[in-house]
Amino acid sequence: MGKTIAIAATLFAVCMSLFHLYTGCFGSLDPWSQRVIHLTFGFLITFLSYPLLKGRRISPFDILLALTSLVSGAYIILNMDALVDRAGLPTTPDVVFGVVTILLVLEMTRRVIGLALVIVSALFLLYAYFGPYLPEAIAHRGYDIERISTHMYTTLEGIYGVPIGVSATFVILFVIFGAFLEATKTGDFFINIANSIAGRARGGPAKVAVISSSFFGTISGSAVANVVGTGTYTIPLMKRTGYTPHFAASVEAVASSGGQLVPPVMGAAAFVISEMTGESYLNICIAAIIPSLLYYIALFTSVHKEAQRVGLQGLQADEVPSFIGTLKSRGYLAISALVLIYLLAVQLTSPSFAAFWAIVSSIILSSIRKDTRLSLQGFIRALEAGSKSALSVVAACAAAGIVVGVVTLTGLGLKFSGAIIALAQGNLYLTLFFAMVASLILGMGLPTTAAYIICAILAVPALTNLGVGVLSAHLFVFYFAIISAITPPVALAAYAGSAIAKSSPMKTAVTACRIGLAAFIIPYMFVFNPALLMSGSVLSIIWVTFTASVGVFLLSCATIGWFLTAISTWERALLFATSILLIEPRVVTDIIAVALLIPVVMHQISVRKRKLVQVS
């Protein structure tokens with residue numbers, strides 16, 4: 001029985017991947033069919049792979065849920081025209097299947113992600129029902145079960161809305177692409193390349209973690225998966241080099257979280273942002289370039305300055321692979337990523353089409369050498385892994401669809417944005433702060449995609465009403481949804497790293513916040529300086545990028561406590577002030593920043609000379 005169910009789950013997973021590969025190449029079906037089939041596959045795989053209770057076997061009840069989800073999806077496909085024709089006049093089966101599908105989404109989310117997103121979705125459903133009994137600021141007329149269930153099930157504004165649409169057309173293909181990169185050992189190639197570049201440098205393993213995690217993270221879309229995927233290699237190396245366990249784990253956590261900020265894939269979030277803002281995918285990627293560079297400049301600086309402060313060295317020559325040798329032996333595997341970038345940025349094809357051909361190219365390229373060549377079994381396993389890896393995204397988007405549906409039904413978005421503006425009394429700085437707090441709180445327990453979508457519909461209107469650009473506002477909440485993975489008390493990426501490093505989870509999370517401090521400031525930077533999102537003249541973009549880069553560099557020096565040599569308290573304070581002034585690139589603030597920096601530089605040079613004289 002158990003073996004038969006496992007085979008069935010594998011079969012559904014393979015079929016799901018093949019379905020999306022087909023529609024990615026030859027064009028998606030109509031929105032209803034594409035989304036319903038996508039979610040139905042997700043239901044089937046989940047209920048046949050994740051038992052009702054952890055540690056137990058799949059039970060008849062799980063099989064019943066799988067069959068129920070199949071009937072629920074078939075009901076829409078078979079009655080699609082009738083559902084559209086009788087919009088607003090639902091039948092009893094419409095209501096019953098609506099309620100059933102909502103419950104299936106919540107149960108799928110519980111099994112795949114956990115209770116946090118289930119609780120959030122359930123609270124929104126209760127809000128839709130009990131609207132008249134709530135405080136005046138958020139009260140509404142209230143809706144009965146019939147209206148709520150049919151709005152979620154028979155319209156494209158609920159469960160089958162924009163979030164699941166993005167998952168069904170774009171995200172799934174990039175998750176499958178990631179599965180094939182792993183199956184063809186392309187991930188090992190990226191780690192070896194990073195090792196060959198930075199392995200022998202001071203604190204080399206930490207720099208390897210930064211580089212490899214940015215490569216891997218842009219495709220994986222999950223900070224925790226990235227930590228586990230690359231951290232099992234980089235964290236032990238960092239510890240062996242001399243980094244403390246909690247610092248090694250925090251570096252991996254910050255580097256892995258930032259991978260979702262890196263174009264061109266950005267953990268598939270670029271497609272969601274594109275759909276939510278109406279901006280083209282290419283514009284999203286271009287806008288994300290400079291902020292992601294600033295993020296990794298800050299992290300790389302923290303790693304380097306910590307190595308200088310502690311006196312660490314890099315790996316031995318015999319421990320570092322040859323850059324040329326690595327390129328010769330495995331360099332061809334990276335061509336699939338270049339194919340993806342070429343199709344997206346040069347040919348301007350659809351993301352799904354580009355992902356399809358990137359997957360095809362990875363399969364073809366892997367056959368060049370025997371040790372990377374995919375067998376039929378390996379090919380099937382990659383298809384299976386792709387679909388199963390996507391389950392968390394499918395569940396998150398379906399549950400987020402419930403939240404979006406409640407917001408569109410009740411008008412909560414306008415109420416929430418109005419409440420934020422009222423609380424901040426129209427002050428943009430306070431409004432940004434409240435939006436940041438909301439994004440961090442939601443992101444602590446939710447996947448990035450779900451946290452971003454919820455914040456986008458609730459907090460972004462408040463920002464745009466005060467004059468913040470639409471793209472800037474969406475990227476603002478997106479960044480903090482990501483950073484929540486390293487923010488206590490629920491810092492999932494930091495906790496995953498601490499498990500590998502065998503360090504204190506809370507100490508790791510606090511350290512991650514410290515070395516990732518610049519990440520909390522960068523979103524404010526591009527809100528007030530759109531040039532950081534490639535908006536404006538070339539000269540202004542260059543100047544703002546330069547001053548911001550110096551600013552995050554000095555900020556990292558201040559947080560670590562090392563510039564040219566160890567810094568005193570007054571030097572740390574001046575470096576903090578200088579970095580903040582440079583982040584706001586105006587002539588006056590730049591002049592003040594230089595004036596504050598000069599005494600620090602002069603004193604650091606003087607102290608360093610004295611130390612060199614003492615040593616000699």
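Note that these values count all heavy atoms, side chains included, but never hydrogens, waters or copies made by symmetry.
Residues Val544 and Ile290 have side chains not in contact (no heavy-atom distance under 4.5 Å, counting atoms from C-beta outward). Contact check for Tyr452 versus Ile482: no side-chain heavy atoms found under the 4.5 Å cut-off. Between Leu582 and Thr589 there is no side-chain heavy-atom pair separated by less than 4.5 Å. Side-chain contact between Leu581 and Asp590 is absent, with no heavy atoms from C-beta onward closer than 4.5 Å. In this structure, the side chains of Thr301 and Cys557 come closer than 4.5 Å at one or more pairs of heavy atoms. Residues Ile289 and Val262 fail the side-chain proximity criterion, which asks for heavy atoms closer than 4.5 Å. Under the 4.5 Å side-chain criterion, counting only non-hydrogen atoms from C-beta, Ser280 is in contact with Asn283. In this structure the side chain of Ile542 reaches within 4.5 angstrom of the side chain of Val538, judged on heavy atoms.
Here Ile286 pairs with Leu282, Met534 under the side-chain contact (heavy atoms from CB on, under 4.5 Å) rule; sequence neighbours left out. With sequence neighbours excluded, no residue forms a side-chain contact (heavy atoms from CB on, under 4.5 Å) with Pro236.
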Next on the checklist: Checking Thr487 against Ser484 for the side chain to side chain donor-acceptor pair (under 3.5 Å) test, could you report, in this order, the C-alpha distance in whole Å, the side-chain angles of both residues, the deciding distance, and whether it holds?
Outcome noted: CA-CA 5 Å; Thr487 309; Ser484 64; over 6 Å; no
Next on the checklist: Before you tell me yes or no, could you show the steps for Arg610 and Ser606 under side chain to side chain donor-acceptor pair (under 3.5 Å), namely the whole-Å CA-CA distance, both residues' side-chain angles and the distance that decides it to 0.1 Å?
Outcome noted: CA-CA 6 Å; Arg610 285 201 303 270; Ser606 174; 3.1 Å; yes
Checklist entry - Going through the checks in order, is the ring-ring contact (aromatic ring centres under 6.0 Å, His included) test met by Phe300 and Tyr295? => result CA-CA 9 Å; Phe300 209 85; Tyr295 182 95; over 10 Å; no
Item to check | Test side chain to side chain contact (heavy atoms under 4.5 Å, CB included) applied to Gln425 and Leu430, step by step | outcome: CA-CA 8 Å; Gln425 297 182 340; Leu430 282 177; 6.0 Å; no
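Just one residue in the list Phe433, Phe476, Tyr479 forms a ring-ring contact (aromatic ring centres under 6.0 Å, His included) with Tyr524, and that residue is Phe476.
Annotation: the span from Ser498 atom OG to His246 atom NE2 amounts to 12.0 Å, rounded to 0.5 Å.
The aromatic rings of Tyr429 and Phe528 sit parallel to each other, their planes meeting at less than 30°, with 60° as the upper class boundary. In this pair, Phe247 and Tyr243 present their aromatic rings parallel. The plane angle is below 30°, not in the 30 to 60° band.
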